[in-house]
A.B. asks: 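Before I ask anything, let me first share the structure, which is written out below as C-alpha coordinates.
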Amino acid sequence: MKEPRHPNYVCVHAGQLEDDLYGGATAPMYTSTAYDYRRPGTNLYPRYFNTPNQVALSKKIAALEHTEAGLIFGSGMAAISAVFMAYLKSGDHIIMQRAIYGGTSHFASAEFEHLGIEFSMLEHITKETLEASLQDNTKMVYIETPSNPLLEITDMEVVAAFAKANSLTSAIDNTFASPINQNPALFGIDIIIHSATKYLGGHSDICAGTVSAGQDAIDHIWKTAKNYGGSLSDQTVWLLERSIKTLGLRVKTQSKNAKKLAKFLEKHPNVEQVNYPGLKSHPQHQLAKSQMHGYGGMMSFVLKNNIQQDDFLEELEVIKPALSLAGVESTILAPSTTSHSLLTPEEREQQGISDRLLRFSVGIEEVDVLISDLEQAMEKSRKK
Ligand SMILES: *Cc1c(COP(=O)(O)O)cnc(C)c1O
(Lines give C-alpha, C1' and ligand atoms only; values in the text may rest on other atoms or scores of the structure.)
Protein backbone atom coordinates (compact mmCIF):
# COMPACT_ATOMS: atom_id res chain seq x y z
CA MET A 1 0.00 0.00 0.00
CA LYS A 2 1.25 3.47 -0.89
CA GLU A 3 1.66 5.49 2.32
CA PRO A 4 -1.39 7.80 2.44
CA ARG A 5 -0.77 11.36 3.64
CA HIS A 6 -4.10 11.85 5.37
CA PRO A 7 -3.36 13.72 8.63
CA ASN A 8 -5.26 11.39 10.97
CA TYR A 9 -3.60 8.35 9.39
CA VAL A 10 -0.19 9.96 9.92
CA CYS A 11 -1.08 10.90 13.53
CA VAL A 12 -2.05 7.33 14.36
CA HIS A 13 0.34 5.21 12.30
CA ALA A 14 3.45 7.09 11.09
CA GLY A 15 6.63 5.86 12.77
CA GLN A 16 4.68 3.42 14.94
CA LEU A 17 7.02 1.27 17.03
CA GLU A 18 5.56 -2.24 16.65
CA ASP A 19 5.12 -4.64 19.55
CA ASP A 20 6.68 -7.67 17.84
CA LEU A 21 6.81 -9.69 21.03
CA TYR A 22 3.14 -9.69 22.02
CA GLY A 23 1.33 -8.09 19.08
CA GLY A 24 -0.07 -5.29 21.21
CA ALA A 25 -1.85 -2.42 19.42
CA THR A 26 0.22 0.30 21.09
CA ALA A 27 3.95 0.97 21.13
CA PRO A 28 6.10 -0.73 23.76
CA MET A 29 8.10 1.67 25.94
CA TYR A 30 11.88 1.17 26.13
CA THR A 31 13.21 3.08 29.11
CA SER A 32 16.82 1.82 29.19
CA THR A 33 19.66 4.26 29.47
CA ALA A 34 22.19 1.43 29.07
CA TYR A 35 22.31 -0.74 25.93
CA ASP A 36 24.65 -3.55 24.85
CA TYR A 37 27.40 -1.72 22.93
CA ARG A 38 28.52 -4.91 21.12
CA ARG A 39 25.39 -4.95 18.99
CA PRO A 40 25.79 -3.64 15.45
CA GLY A 41 24.65 -0.09 14.70
CA THR A 42 25.04 3.07 16.69
CA ASN A 43 25.35 3.25 20.45
CA LEU A 44 21.90 3.76 21.89
CA TYR A 45 21.65 6.45 24.57
CA PRO A 46 18.80 8.89 25.34
CA ARG A 47 20.96 12.03 25.04
CA TYR A 48 21.99 10.88 21.55
CA PHE A 49 18.29 11.08 20.54
CA ASN A 50 18.48 7.49 19.25
CA THR A 51 16.53 5.20 21.59
CA PRO A 52 13.74 3.15 19.93
CA ASN A 53 10.90 5.37 21.20
CA GLN A 54 12.75 8.60 20.32
CA VAL A 55 13.51 7.38 16.80
CA ALA A 56 9.93 6.21 16.22
CA LEU A 57 8.41 9.52 17.39
CA SER A 58 10.92 11.47 15.28
CA LYS A 59 9.54 9.67 12.23
CA LYS A 60 5.99 10.69 13.13
CA ILE A 61 7.07 14.33 13.63
CA ALA A 62 8.85 14.29 10.26
CA ALA A 63 5.82 12.75 8.51
CA LEU A 64 3.47 15.33 10.07
CA GLU A 65 5.58 18.18 8.70
CA HIS A 66 6.39 16.54 5.33
CA THR A 67 10.14 16.50 6.03
CA GLU A 68 12.74 13.73 5.90
CA ALA A 69 13.70 13.67 9.57
CA GLY A 70 13.01 15.00 13.06
CA LEU A 71 14.34 15.33 16.61
CA ILE A 72 12.46 15.34 19.93
CA PHE A 73 13.53 17.72 22.73
CA GLY A 74 12.83 18.26 26.43
CA SER A 75 10.99 21.56 25.76
CA GLY A 76 10.17 23.97 22.96
CA MET A 77 13.01 26.24 24.10
CA ALA A 78 15.46 23.30 24.06
CA ALA A 79 14.52 22.77 20.40
CA ILE A 80 14.73 26.48 19.53
CA SER A 81 18.06 27.05 21.29
CA ALA A 82 19.60 23.92 19.72
CA VAL A 83 18.66 25.20 16.26
CA PHE A 84 20.14 28.65 16.95
CA MET A 85 23.34 27.20 18.41
CA ALA A 86 23.75 24.77 15.50
CA TYR A 87 23.58 27.54 12.87
CA LEU A 88 24.96 30.66 14.55
CA LYS A 89 28.45 31.39 15.80
CA SER A 90 30.28 34.47 16.99
CA GLY A 91 30.27 37.13 14.27
CA ASP A 92 27.07 35.87 12.58
CA HIS A 93 23.80 37.77 12.13
CA ILE A 94 20.19 36.55 12.27
CA ILE A 95 17.03 38.29 11.03
CA MET A 96 14.05 37.66 13.33
CA GLN A 97 10.40 38.59 13.38
CA ARG A 98 9.65 40.97 16.30
CA ALA A 99 6.36 39.31 17.30
CA ILE A 100 7.65 35.93 18.48
CA TYR A 101 7.28 33.83 21.62
CA GLY A 102 8.56 35.78 24.65
CA GLY A 103 11.08 33.08 25.60
CA THR A 104 12.63 33.14 22.13
CA SER A 105 12.88 36.89 22.08
CA HIS A 106 14.40 36.76 25.58
CA PHE A 107 16.91 34.12 24.40
CA ALA A 108 18.07 36.55 21.71
CA SER A 109 18.44 39.52 24.06
CA ALA A 110 19.95 37.50 26.93
CA GLU A 111 22.27 35.12 25.05
CA PHE A 112 23.12 36.43 21.58
CA GLU A 113 24.96 39.53 22.74
CA HIS A 114 27.52 37.79 24.93
CA LEU A 115 27.96 35.10 22.27
CA GLY A 116 28.81 37.83 19.74
CA ILE A 117 25.79 37.08 17.55
CA GLU A 118 24.02 40.06 15.97
CA PHE A 119 20.26 40.11 15.48
CA SER A 120 17.73 42.36 13.76
CA MET A 121 14.09 42.24 14.86
CA LEU A 122 11.64 43.20 12.11
CA GLU A 123 8.23 44.67 12.87
CA HIS A 124 6.85 43.50 9.52
CA ILE A 125 8.39 40.84 7.35
CA THR A 126 8.23 41.66 3.62
CA LYS A 127 10.63 41.16 0.72
CA GLU A 128 11.67 44.80 1.15
CA THR A 129 12.27 44.75 4.92
CA LEU A 130 14.16 41.46 4.62
CA GLU A 131 16.42 42.82 1.88
CA ALA A 132 17.00 46.03 3.82
CA SER A 133 18.21 44.10 6.87
CA LEU A 134 20.47 41.66 5.00
CA GLN A 135 24.15 41.89 6.01
CA ASP A 136 27.30 40.12 4.73
CA ASN A 137 27.28 37.98 7.88
CA THR A 138 23.54 37.07 7.86
CA LYS A 139 23.09 33.31 8.28
CA MET A 140 19.51 32.72 9.31
CA VAL A 141 15.96 34.09 9.14
CA TYR A 142 13.50 33.16 11.89
CA ILE A 143 9.72 33.65 11.88
CA GLU A 144 6.54 32.67 13.74
CA THR A 145 3.08 32.66 12.11
CA PRO A 146 0.35 33.16 13.25
CA SER A 147 1.99 35.38 15.87
CA ASN A 148 1.27 35.61 19.57
CA PRO A 149 -0.95 37.32 20.74
CA LEU A 150 -2.19 39.38 17.74
CA LEU A 151 -2.43 36.51 15.21
CA GLU A 152 -0.52 38.38 12.52
CA ILE A 153 0.40 36.31 9.46
CA THR A 154 3.87 36.18 7.86
CA ASP A 155 4.21 35.18 4.21
CA MET A 156 6.22 31.93 4.28
CA GLU A 157 6.86 31.86 0.54
CA VAL A 158 8.49 35.31 0.68
CA VAL A 159 10.72 34.23 3.57
CA ALA A 160 11.73 30.94 1.92
CA ALA A 161 12.54 32.64 -1.41
CA PHE A 162 14.62 35.31 0.34
CA ALA A 163 16.52 32.64 2.31
CA LYS A 164 17.21 30.55 -0.82
CA ALA A 165 18.35 33.56 -2.86
CA ASN A 166 20.85 34.52 -0.16
CA SER A 167 21.95 31.03 0.99
CA LEU A 168 20.44 31.51 4.46
CA THR A 169 18.76 28.89 6.63
CA SER A 170 15.07 29.62 7.26
CA ALA A 171 13.36 28.47 10.45
CA ILE A 172 9.82 28.81 11.74
CA ASP A 173 8.09 28.32 15.08
CA ASN A 174 4.93 26.53 13.86
CA THR A 175 3.44 25.99 17.34
CA PHE A 176 0.31 28.16 16.99
CA ALA A 177 -0.85 26.57 13.72
CA SER A 178 0.15 22.97 14.55
CA PRO A 179 1.14 20.57 11.74
CA ILE A 180 -2.57 19.99 11.07
CA ASN A 181 -3.19 23.56 9.96
CA GLN A 182 0.13 24.57 8.40
CA ASN A 183 3.10 22.76 6.83
CA PRO A 184 5.91 25.28 6.22
CA ALA A 185 8.13 22.73 4.42
CA LEU A 186 5.65 22.79 1.53
CA PHE A 187 6.47 26.50 1.14
CA GLY A 188 10.22 25.94 1.22
CA ILE A 189 11.00 26.72 4.89
CA ASP A 190 14.02 24.63 5.99
CA ILE A 191 13.45 24.02 9.71
CA ILE A 192 10.11 23.64 11.48
CA ILE A 193 9.97 23.88 15.27
CA HIS A 194 7.13 23.11 17.69
CA SER A 195 6.67 23.58 21.37
CA ALA A 196 5.09 20.12 21.80
CA THR A 197 3.96 21.41 25.20
CA LYS A 198 1.09 22.95 23.22
CA TYR A 199 -0.98 21.23 20.47
CA LEU A 200 1.18 18.12 19.98
CA GLY A 201 0.84 17.22 23.68
CA GLY A 202 -2.59 18.83 23.84
CA HIS A 203 -3.59 17.90 27.39
CA SER A 204 -1.57 20.47 29.38
CA ASP A 205 0.55 17.72 30.97
CA ILE A 206 3.70 17.38 28.81
CA CYS A 207 6.68 19.70 28.33
CA ALA A 208 8.49 18.88 25.07
CA GLY A 209 9.74 20.29 21.77
CA THR A 210 10.30 19.07 18.20
CA VAL A 211 12.33 19.94 15.13
CA SER A 212 11.47 18.71 11.62
CA ALA A 213 13.79 19.25 8.64
CA GLY A 214 15.71 17.54 5.85
CA GLN A 215 18.10 14.74 6.85
CA ASP A 216 21.23 16.88 6.35
CA ALA A 217 19.84 19.68 8.52
CA ILE A 218 18.80 17.23 11.24
CA ASP A 219 22.27 15.62 11.20
CA HIS A 220 23.78 19.09 11.55
CA ILE A 221 21.47 20.09 14.44
CA TRP A 222 22.05 16.71 16.14
CA LYS A 223 25.80 17.35 16.42
CA THR A 224 25.11 20.47 18.51
CA ALA A 225 22.00 19.19 20.30
CA LYS A 226 23.76 16.19 21.87
CA ASN A 227 26.30 18.58 23.43
CA TYR A 228 23.61 20.75 25.01
CA GLY A 229 21.77 17.67 26.27
CA GLY A 230 18.15 18.73 25.79
CA SER A 231 16.66 15.30 25.02
CA LEU A 232 13.28 14.08 26.33
CA SER A 233 12.91 11.09 28.65
CA ASP A 234 11.47 7.97 27.03
CA GLN A 235 8.47 7.87 29.36
CA THR A 236 7.43 11.30 28.11
CA VAL A 237 8.34 10.44 24.51
CA TRP A 238 5.89 7.54 24.80
CA LEU A 239 3.16 9.76 26.27
CA LEU A 240 3.70 12.39 23.57
CA GLU A 241 3.40 9.73 20.86
CA ARG A 242 0.14 8.54 22.44
CA SER A 243 -1.14 12.15 22.57
CA ILE A 244 -0.34 12.90 18.92
CA LYS A 245 -2.65 10.08 17.80
CA THR A 246 -5.61 12.42 18.44
CA LEU A 247 -3.89 15.62 17.26
CA GLY A 248 -5.92 15.81 14.05
CA LEU A 249 -9.25 15.28 15.84
CA ARG A 250 -8.44 17.80 18.56
CA VAL A 251 -7.14 20.55 16.31
CA LYS A 252 -10.01 20.16 13.83
CA THR A 253 -12.53 20.61 16.65
CA GLN A 254 -10.56 23.49 18.20
CA SER A 255 -10.30 25.27 14.83
CA LYS A 256 -14.01 24.80 14.10
CA ASN A 257 -14.95 26.08 17.58
CA ALA A 258 -12.58 29.04 17.29
CA LYS A 259 -14.06 30.13 13.95
CA LYS A 260 -17.59 30.07 15.40
CA LEU A 261 -16.48 31.90 18.55
CA ALA A 262 -14.59 34.54 16.56
CA LYS A 263 -17.73 35.24 14.52
CA PHE A 264 -19.83 35.34 17.70
CA LEU A 265 -17.45 37.76 19.42
CA GLU A 266 -17.05 39.96 16.35
CA LYS A 267 -20.81 40.60 16.26
CA HIS A 268 -21.15 41.03 20.02
CA PRO A 269 -22.01 44.55 21.26
CA ASN A 270 -19.62 44.21 24.25
CA VAL A 271 -16.61 43.38 22.04
CA GLU A 272 -14.43 46.04 20.48
CA GLN A 273 -12.09 43.93 18.36
CA VAL A 274 -11.35 40.29 17.45
CA ASN A 275 -8.07 39.03 15.98
CA TYR A 276 -8.54 35.72 14.18
CA PRO A 277 -7.06 34.85 10.77
CA GLY A 278 -10.24 32.97 9.80
CA LEU A 279 -12.35 36.16 9.91
CA LYS A 280 -12.85 38.01 6.62
CA SER A 281 -12.13 41.21 8.57
CA HIS A 282 -8.58 40.02 9.42
CA PRO A 283 -6.25 42.21 7.32
CA GLN A 284 -4.30 39.14 6.14
CA HIS A 285 -7.20 36.73 5.75
CA GLN A 286 -6.33 35.96 2.11
CA LEU A 287 -2.69 35.23 2.96
CA ALA A 288 -3.78 32.98 5.84
CA LYS A 289 -6.16 31.20 3.47
CA SER A 290 -3.37 30.61 0.97
CA GLN A 291 -0.93 29.05 3.43
CA MET A 292 -3.05 27.42 6.17
CA HIS A 293 -5.32 24.37 5.94
CA GLY A 294 -7.39 25.70 8.86
CA TYR A 295 -7.15 28.85 10.99
CA GLY A 296 -6.39 27.25 14.34
CA GLY A 297 -7.72 27.41 17.88
CA MET A 298 -6.01 30.64 19.00
CA MET A 299 -7.50 34.14 18.92
CA SER A 300 -7.40 37.38 20.85
CA PHE A 301 -10.06 40.00 21.52
CA VAL A 302 -10.70 43.27 23.31
CA LEU A 303 -13.81 43.86 25.44
CA LYS A 304 -15.47 47.26 25.43
CA ASN A 305 -15.03 49.59 28.39
CA ASN A 306 -18.48 48.77 29.73
CA ILE A 307 -17.10 45.40 30.89
CA GLN A 308 -14.92 45.15 34.01
CA GLN A 309 -12.14 42.90 32.70
CA ASP A 310 -10.97 41.43 36.02
CA ASP A 311 -14.56 40.63 36.96
CA PHE A 312 -15.11 39.03 33.55
CA LEU A 313 -12.16 36.67 34.07
CA GLU A 314 -13.36 35.95 37.60
CA GLU A 315 -16.91 35.11 36.45
CA LEU A 316 -15.92 32.60 33.74
CA GLU A 317 -16.99 29.13 34.84
CA VAL A 318 -15.77 26.84 32.03
CA ILE A 319 -12.98 28.84 30.37
CA LYS A 320 -10.00 28.82 32.75
CA PRO A 321 -7.75 31.84 33.21
CA ALA A 322 -4.40 30.05 32.80
CA LEU A 323 -0.94 30.43 31.34
CA SER A 324 0.05 28.29 28.39
CA LEU A 325 -2.31 27.19 25.63
CA ALA A 326 -3.54 24.53 23.22
CA GLY A 327 -4.95 22.05 25.73
CA VAL A 328 -8.28 20.27 25.24
CA GLU A 329 -9.69 22.70 27.83
CA SER A 330 -10.37 26.34 26.90
CA THR A 331 -8.06 28.84 28.60
CA ILE A 332 -7.73 32.62 28.58
CA LEU A 333 -5.21 35.22 29.74
CA ALA A 334 -4.35 38.90 29.57
CA PRO A 335 -0.92 39.09 27.83
CA SER A 336 -0.15 42.47 29.48
CA THR A 337 -0.01 40.86 32.93
CA THR A 338 1.38 37.43 31.89
CA SER A 339 3.20 36.48 28.67
CA HIS A 340 4.15 40.08 27.82
CA SER A 341 4.47 41.55 31.33
CA LEU A 342 8.25 41.94 30.99
CA LEU A 343 7.78 44.50 28.22
CA THR A 344 7.40 48.15 29.26
CA PRO A 345 3.92 49.68 28.76
CA GLU A 346 5.45 51.70 25.89
CA GLU A 347 6.80 48.57 24.20
CA ARG A 348 3.42 46.87 24.54
CA GLU A 349 1.67 49.93 23.16
CA GLN A 350 4.12 50.00 20.25
CA GLN A 351 3.41 46.33 19.51
CA GLY A 352 -0.35 46.86 19.70
CA ILE A 353 -0.84 44.84 22.89
CA SER A 354 -3.31 46.81 25.00
CA ASP A 355 -3.97 46.09 28.68
CA ARG A 356 -7.46 45.07 27.62
CA LEU A 357 -6.35 42.46 25.10
CA LEU A 358 -7.35 38.88 26.02
CA ARG A 359 -5.78 35.81 24.41
CA PHE A 360 -8.16 32.91 24.08
CA SER A 361 -7.04 29.28 23.54
CA VAL A 362 -10.15 27.44 22.40
CA GLY A 363 -10.67 23.88 23.64
CA ILE A 364 -12.74 20.94 22.42
CA GLU A 365 -15.84 21.65 24.56
CA GLU A 366 -19.11 22.11 22.64
CA VAL A 367 -19.11 25.62 21.24
CA ASP A 368 -22.55 26.35 22.78
CA VAL A 369 -21.10 25.73 26.24
CA LEU A 370 -18.30 28.22 25.55
CA ILE A 371 -20.68 30.85 24.14
CA SER A 372 -22.96 30.57 27.20
CA ASP A 373 -19.95 30.93 29.47
CA LEU A 374 -18.75 34.09 27.71
CA GLU A 375 -22.30 35.53 27.73
CA GLN A 376 -22.93 34.94 31.43
CA ALA A 377 -19.48 36.32 32.40
CA MET A 378 -20.06 39.48 30.32
CA GLU A 379 -23.50 39.89 31.86
CA LYS A 380 -22.14 39.65 35.42
CA SER A 381 -19.15 41.93 34.80
CA ARG A 382 -21.03 44.81 33.12
CA LYS A 383 -20.26 48.13 34.80
CA LYS A 384 -23.25 49.46 36.72
C1 LIG B 1 5.26 27.75 24.62
C2 LIG B 1 5.91 28.19 23.38
C3 LIG B 1 7.29 28.03 23.16
C4 LIG B 1 8.21 27.47 24.23
O5 LIG B 1 7.94 26.15 24.49
P6 LIG B 1 8.32 25.44 25.89
O7 LIG B 1 7.85 24.05 25.66
O8 LIG B 1 7.60 26.18 26.97
O9 LIG B 1 9.79 25.55 26.04
C10 LIG B 1 7.80 28.43 21.96
N11 LIG B 1 7.02 28.98 21.01
C12 LIG B 1 5.70 29.16 21.17
C13 LIG B 1 4.90 29.78 20.08
C14 LIG B 1 5.09 28.77 22.36
O15 LIG B 1 3.79 28.97 22.52
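Being a predicted model, the structure only gives us computed values, none of them experimental. Here, residue 1 is the first one in the sequence, and each next residue gets the next number. Whatever order the structure lists ligands and atoms in, that order sets their numbers, starting from 1.
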A.B. asks: Cationic tip of K198 within the cone over Y101's six-membered ring, i.e. under 6.0 Å and within 45° of the normal?
C.D. replies: yes
A.B. asks: Which ligand 1 atoms, with their elements, are less than 4.0 angstrom from a heavy-atom of D173?
C.D. replies: 10 (C), 11 (N), 12 (C), 13 (C)
A.B. asks: I'd like to check which ligand 1 atoms, numbered from 1 as shown, lie under 4.0 Å from a non-hydrogen atom of E144.
C.D. replies: 13 (C)
A.B. asks: Between the candidates S195, S361, A196, which shows the shortest non-hydrogen contact distance to atom 5 (O) of ligand 1?
C.D. replies: S195
A.B. asks: Report, in ascending order of atom number, the atoms of ligand 1 lying under 4.0 Å from any heavy atom of G76.
C.D. replies: 5 (O), 6 (P), 7 (O), 9 (O)
A.B. asks: Walk me through it: do N174 and E65 pass the test side-chain hydrogen bond (donor to acceptor under 3.5 Å, both in side chains)?
C.D. replies: CA-CA 10 Å; N174 202 31; E65 283 295 10; 2.8 Å; yes
A.B. asks: Please tell me whether H282 and Y295 form a close aromatic pair, meaning their ring centres lie under 6.0 Å apart.
C.D. replies: no
A.B. asks: Pull out every atom of ligand 1 sitting under 4.0 Å from any heavy atom of T197, numbered as shown with elements.
C.D. replies: 6 (P), 7 (O)
A.B. asks: With a cut-off of 4.0 Å, which atoms of ligand 1 are near a heavy atom of K198?
C.D. replies: 1 (C), 2 (C), 3 (C), 14 (C), 15 (O)
A.B. asks: Return yes if a side-chain donor-acceptor contact under 3.5 Å exists between Q97 and S147, otherwise no.
C.D. replies: no
A.B. asks: Out of F176, Y101, F107, who is nearest to atom 3 (C) of ligand 1 when you count heavy atoms only?
C.D. replies: Y101
A.B. asks: Report yes if some N/O of L325 lies less than 3.5 Å from some N/O of ligand 1; otherwise report no.
C.D. replies: no
A.B. asks: Decide whether N148 and E144 meet the rule of one side-chain donor and one side-chain acceptor closer than 3.5 Å.
C.D. replies: no
A.B. asks: Can you measure from CZ (F73) to CD1 (I80) and round to the nearest 0.5 angstrom?
C.D. replies: 10.5 Å
A.B. asks: Under 4.0 Å from a heavy atom of A208: give me the atoms of ligand 1 that qualify, with their elements.
C.D. replies: 7 (O)
A.B. asks: Do the two ring centres, one from Y276 and one from F301, sit under 6.0 Å apart?
C.D. replies: no
A.B. asks: Nearest protein heavy-atom contact for atom 9 (O) of ligand 1: which residue, which atom, what distance?
C.D. replies: M77 N, 2.8 Å
